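Quick caveat: nothing in here was measured; it's all calculated off a predicted structure. Letters A, B, ... mirror the listed sequences (proteins, then strands); counts begin at 1. The figures here come from the full heavy-atom set of this structure, side chains too, leaving out hydrogens, waters and symmetry mates.
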Amino acid sequence: MGVSVITVDLLADATDEALAALVTEDFEAFAELYGRYLCPVYRFVRSQTPDDTTAEDITAHVFFKAISSAGTFRAEGSYRSWIFRIAHNEIYSWRNGEARSVVGLEELPESVDPTPSPVAQAITQEDRGMVWRKVAELPPAQREVVALRYLQDLDVEEISGITGRSRGAVRILLHRARLKLRHSMEGDVE
Amino acid sequence: MEVFETKVQESLARPVPRAAFFDELLVALREMWEIPMLPEAHDTRAHNGLIMAGSVAAAAAGVGAAGAWYGLRKRHRRGSVA
């Protein structure tokens, strides 16, 4: 019980979808997926919530759901879309329960990447706080598509599948969000 | 990508999950997963060729695992483990 049926090296090389097909038989396959998706899912959830604690709670629920409903994953879709759809649903449920739509100013994340990229290093802490607040001020639907687009580099079709919105609606949300962000950020510079 | 988009991307990518909390979560998830691996669940799975038994057991186990997880949550809130 609990012994991986395939080696760790093979797990590391396997596609997300191949791992997902093994989850009900091999916990190590799930652990590999957890390692791949913890950061992306947490960052996405954190961008939609007011504080680290709420983001941790929701992220934990996402992975509980991912493991308890692993048998429902169908390989014709991508695992990434599947787990982000779970995250979308969990955030939606939380938002309905809390009736929160705007992230407060106290929400700047406590834990930050200790090894930022050169571009990230060039952005000052003050700048970063300003950008975070601008994104937080977007309406929830716009904030969500912005996070999926810029954090995960997802295309319109995949965002559409995750959020359940039409491709046209996603394009409009992205367009409006980009306009707002560009205006507000360039306005702050001037 | 425009400059403001790069800033948005970098800002959103800054938060990192707290290792202590999410390491313990993985332990709770493993406990949750192991329940459907009990012998009768194995037998049912083997006989029926279905993973349904595992899924049902996992859902049932979720109650206990969720309880354990809320305990973990409380410990982290009390101790503010970073």
Report task. May I ask you to decide if Val23(A)'s main-chain N or O and Trp33(B)'s side chain share a donor-acceptor pair within less than 3.5 Å? Result -> yes
Query raised in the report: Measuring from Ser11(B):OG to Lys134(A):NZ, what's the distance to the nearest 0.5 Å?
Result: 12.5 Å
**Report entry** Cluster overlap Phe73(A) with Ile86(A), hydrophobic side-chain contacts below 4.5 Å
**Finding:** yes
Requested in this report: Flag yes if Val131(A) and Met1(B) sit in one hydrophobic cluster, no otherwise; membership is Ile, Leu, Val, Met, Phe, Trp, Tyr, and two members link when side-chain heavy atoms are under 4.5 Å apart.
Outcome: yes
Query - Pairwise distance CZ(Phe64(A)) to CE(Met32(B)) - rounded to 0.5 angstrom - result: 6.0 Å
Query raised in the report: Does some side-chain heavy atom of Pro17(B) sit less than 4.5 Å from a side-chain heavy atom of Glu56(A)?
Result: no
Query raised in the report: So do Tyr34(A) and Leu25(B) actually touch side chain to side chain, heavy atoms under 4.5 Å?
Result: yes
Report task. Rounded to the nearest 0.5 Å, what's the gap from CD on Glu2(B) to CZ on Arg182(A)? Could you check? Result -> 4.0 Å
Query raised in the report: Side chains of Val8(B) and Met185(A): closer than 4.5 Å at any heavy-atom pair?
Result: yes
Query raised in the report: With the 4.5 Å side-chain cut-off for hydrophobic clustering, are Tyr150(A) and Met130(A) part of the same group?
Result: yes
**Report entry** Portion of Phe63(A) that has a non-hydrogen atom of chain B nearer than 4.5 angstrom
**Finding:** both
Query raised in the report: Are side-chain heavy atoms of Arg43(A) and Val16(B) found at a separation under 4.5 Å?
Result: yes
Report summary line: Rounding to 0.5 Å, atoms CH2 (Trp132(A)) and CZ (Arg14(B)) come to a distance of 11.0 Å
Query - Single-linkage hydrophobic cluster, 4.5 Å side-chain cutoff, Val62(A) and Leu26(B) together - result: yes
**Report entry** Hydrophobic cluster identity match, Ile91(A) and Leu174(A), side-chain contacts under 4.5 Å
**Finding:** yes
Query raised in the report: Who pairs with Asp153(A) by salt bridge (charged side-chain N to carboxylate O under 4.0 Å, His left out), at least two apart in sequence or on another chain?
Result: Arg149(A)
Query raised in the report: Can you check whether Arg178(A) reaches Phe4(B) side chain to side chain, under 4.5 Å on heavy atoms?
Result: yes
Query raised in the report: Considering only heavy atoms from C-beta outward, does the side chain of Glu34(B) approach that of Phe27(A) to under 4.5 Å?
Result: no
Report task. Report the residues that fulfil salt bridge (charged side-chain N to carboxylate O under 4.0 Å, His left out) with Arg85(A), sequence neighbours left out, ordered by chain and then residue number. Result -> none
Query raised in the report: With a 4.5 Å heavy-atom cut-off, do Asp52(A) and Arg18(B) have their side chains touching?
Result: no
Report summary line: The reported gap from OG1 in Thr59(A) to CZ in Phe22(B) (rounded to nearest 0.5 angstrom) is 4.5 Å
Query raised in the report: Just wondering, more than 12 heavy atoms not from Lys65(A) lying within 6.0 Å of its NZ?
Result: no
Query raised in the report: Do Phe44(A) and Leu12(B) have side-chain heavy atoms sitting under 4.5 Å apart?
Result: no
